[in-house]
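Comments concern the structure below.
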Amino acid sequence: MSSAQQTAITFDAYGIPEKPPVSVRMRRLLAQHPLGAFGLLIVVFVVFLAAVGPLIAGDAETISPNILAGPSGEHWFGTDRLGRDYLARVVAGARLSMSLALGAMAIGVGVALVLGMVSAYAKGAVDLFLQRIIDMLLAFPGLVLLLLLSQVIGRGWQSVALGMGILFAVGMVRIVRASTLATLAESYVEAAQLIGASPYRILWRHVLPNMGPPLLIYVTALLGGAILFEGALSFLGLGVPPPDPSWGRMLTEARTNWKHPHLSIFPGVAMTIAVLGFNLVGDSVRDIFDPRLRGA
Amino acid sequence: MRNYIFRRLMLLPITVLLLSIFVFGLIRLVPGSVIDARLSAGFPGTANADDRAKLEAHFGLDKPVHIQYINWIGQVFTGDFGTSWLTKEDILDNFRRRMPVTIELLFLTLLIYIPLGIGTGVWSAVRQNRTDDYSIRFITILFLAIPNFWLATLVVVVPLVLWSYAPPVPYVQLWEEPGTNLVQMIVPAAIAALAGAAVLGRVARSEMLEVLRQDYVRTAYAKGLSGYVVVVRHALRNAMIPLITLIGLVFANGVAGAVIVEQIFAIPGMGRYLVQSLLNNDLPVVQVWMLIFGAAFIMVNLLVDLSYGMFDPRIRFQ
């Protein structure tokens, strides 16, 4: 380290380097992870579109006589087989896709936290039984398990969110359980137990905060997957039913109108960009919190 | 090691038993009753109390649930998979006809998947931080984001629009016209393989980078071995061990890919059978499908776990 750099760091009375302000650390972090920064840009854009896009792009349900028109000044992305503005539908699809991905993730995290912590805290027969079930479910490919769940839960966006939530919970229970077991073995937990802290307090105050990084890595890595799962499910006709504009279902409908390629290009591109953004952010989050895996 | 294998093998029947109860129970949670689904699948609008009672008796649904389960599992074990509600066909016959199709598709998928994934991963690692490494990593990241069902749609639509080309239909069996069959199968297999190959390639790259830093690799270079020999014989062999853990994932991804591409390319295999049955609430088919494939996934995972010790003698299980 050069002397010029050393003088730039100020020391407080205890000789501990002062932490630079959050804005500076944030900028450094983004500079160290340019791909992640790029991904974050995409994610912010997609979330922005999902939040306010429908107000700008117009109504996704308005039917006009101008059916299956190609892209033009009036309809940037053209129109679909009912004459609905395709840009508005793609943007509305972003809202649906984002809501489902985030909703499913919230359900998944909630279910996994409860099951994982109970499993680790209860030990014995409960733990063994729960883990056997998780073992069995993990053996299935995600899509196949999701198809089975969709059959049980039914159709509609709430069901898709619930199904994906359960699917993600299956993967996360393991992480929560392992993290809980590791924390419960710490001596400060033993100390807390000795002074009479209740199991709830231990789980809430000691176990939960330690869960942050591993869960965050898993969740960000899966958000892109959530978009793909929803798309695949709707594409197969087992996800979100009409008239809600799902990218997956728009692609299915585009196949019957294959003479109008704009119908299959725009939702696909939108989906790829959104998934790419989440994947890039996920990769960087993993690098930041788990340096052992860097570059994997 | 022997104890470990023994313990895992003892747990296998229990896991499969759980699987069968899970599949059986889950299907019975379908909103409305199984009979409602049956009535709406077969003859919509004809549901009345008479039909209902008759159907319940016919399908053995008037008995208690545990008796139903024992009957069902007994039948499956004796090779009686039941009949489809929709087509009234024997499910076992359908499996016999469709399974070879999906196995061929899976085989072709893996034939593309594994060499492509490992090849690009190794190449990328050997050429770390050069142009080809960056290009491979970029393409990998891109293919992880492109939905395979969209890619499949484009592969069908684009040649159709540009050159009015469509792959030969309808599907022919491999043993009838091998050439036509391969033309029909190779594109779906490639699409099913791509996203998986990207995952495999990423893991292969990081494993290779790890191994290439080892002393024995430097020694191998130092004693004058060619780059090819060092990479393939010394480095790749050791990098392969962690990759074996991915075989279960490769198989699972292959089946998930088959479900998608069989539907898009109208290949009459097991994946399409599942999707069609789901779309038509054909519960007996879904039930048996999940049981058979679930058991297959569990077996593959078990074999992968057991194979660690075989490939890496350093690993000793308690």
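Below, all heavy atoms of this structure are taken into account, side chains as well, without hydrogens, waters or symmetry copies. Residue numbering restarts at 1 for every chain, and letters A, B, ... go by the order of the sequence lines. Treat the numbers as computed from the prediction; the structure is a model and nothing was measured.
Counting heavy-atom pairs closer than 4.5 Å to chain B, the top-ranked of the candidates Val269(A), Ile133(A), Thr252(A), Leu35(A) is Val269(A). Of the listed residues (Ser150(A), Gly224(A), Ala232(A)), the greatest number of heavy-atom pairs within a distance under 4.5 Å of chain B belongs to Ala232(A). Chain B forms the most heavy-atom pairs under 4.5 Å with one residue out of Leu280(A), Ile265(A), Leu138(A), Ile227(A), and that residue is Ile265(A). Ranking Ala256(B), Ala204(B), Pro147(B) against chain A, the residue ahead of the rest is Pro147(B), based on heavy-atom pairs under 4.5 Å. Among Asn301(B), Thr153(B), Val255(B), the residue making the largest number of heavy-atom pairs under 4.5 Å with chain A is Thr153(B). Ranked by heavy-atom pairs under 4.5 Å with chain B, the list Val144(A), Leu143(A), Leu148(A), Leu149(A) is led by Leu148(A).
Within residues 272-279 of chain A, the residues having any heavy atom less than 4.5 Å from a heavy atom of chain B are, in residue-number order, Thr272(A), Val275(A), Leu276(A), Asn279(A).
Rounding to the nearest 0.5 angstrom, the gap separating the CG atom in Leu278(B) from the CG atom in Leu236(A) is 9.0 Å. For the atom pair Leu145(A) CG and Met290(B) CE, the distance stands at 7.5 Å (nearest 0.5 Å). Summarising the geometry, atom CE belonging to Met136(A) is positioned 6.0 Å from atom CG belonging to Leu18(B); distances are rounded to the nearest 0.5 Å. Within the model, atoms CD1 of Ile298(B) and CG of Asp135(A) stand 8.5 Å from one another, a figure rounded to the nearest 0.5 Å. Expressed to the nearest 0.5 Å, how far CZ of Phe149(B) lies from CG of Leu233(A) amounts to 10.0 Å.
No side-chain heavy atom of Met271(A) sits under 4.5 Å from any side-chain heavy atom of Trp150(B). Residues Trp289(B) and Leu147(A) form no side-chain contact, since every pair of their non-hydrogen atoms from C-beta on lies 4.5 Å or further apart.
Salt bridge Asp283(A)/Arg137(B): absent, no basic N to carboxylate O contact under 4.0 Å.
The environment of Phe95(B) atom CZ is dense: over 12 non-hydrogen atoms of other residues, nucleotides or ligands sit within 6.0 angstrom. For Phe38(A), the CZ atom is loosely surrounded, since the number of other residues' heavy atoms within 6.0 Å does not exceed 12.
The contact between Phe235(A) and chain B is made entirely by side chain atoms (from C-beta outward), counting heavy-atom distances below 4.5 Å. Neither the backbone nor the side chain of Leu151(B) comes within less than 4.5 Å of any heavy atom in chain A. Only the side chain of Leu137(A) comes within contact range of chain B, with heavy atoms under 4.5 Å apart. Contact of Leu274(B) with chain A is made through the side chain alone, with heavy-atom distances under 4.5 Å.
Between Gly294(B) and Phe140(A) the shortest heavy-atom distance is CA-CZ, 3.6 Å.
A search for side chain to side chain donor-acceptor pair (under 3.5 Å) contacts involving Arg177(A) returns Asp127(A), not counting sequence neighbours.
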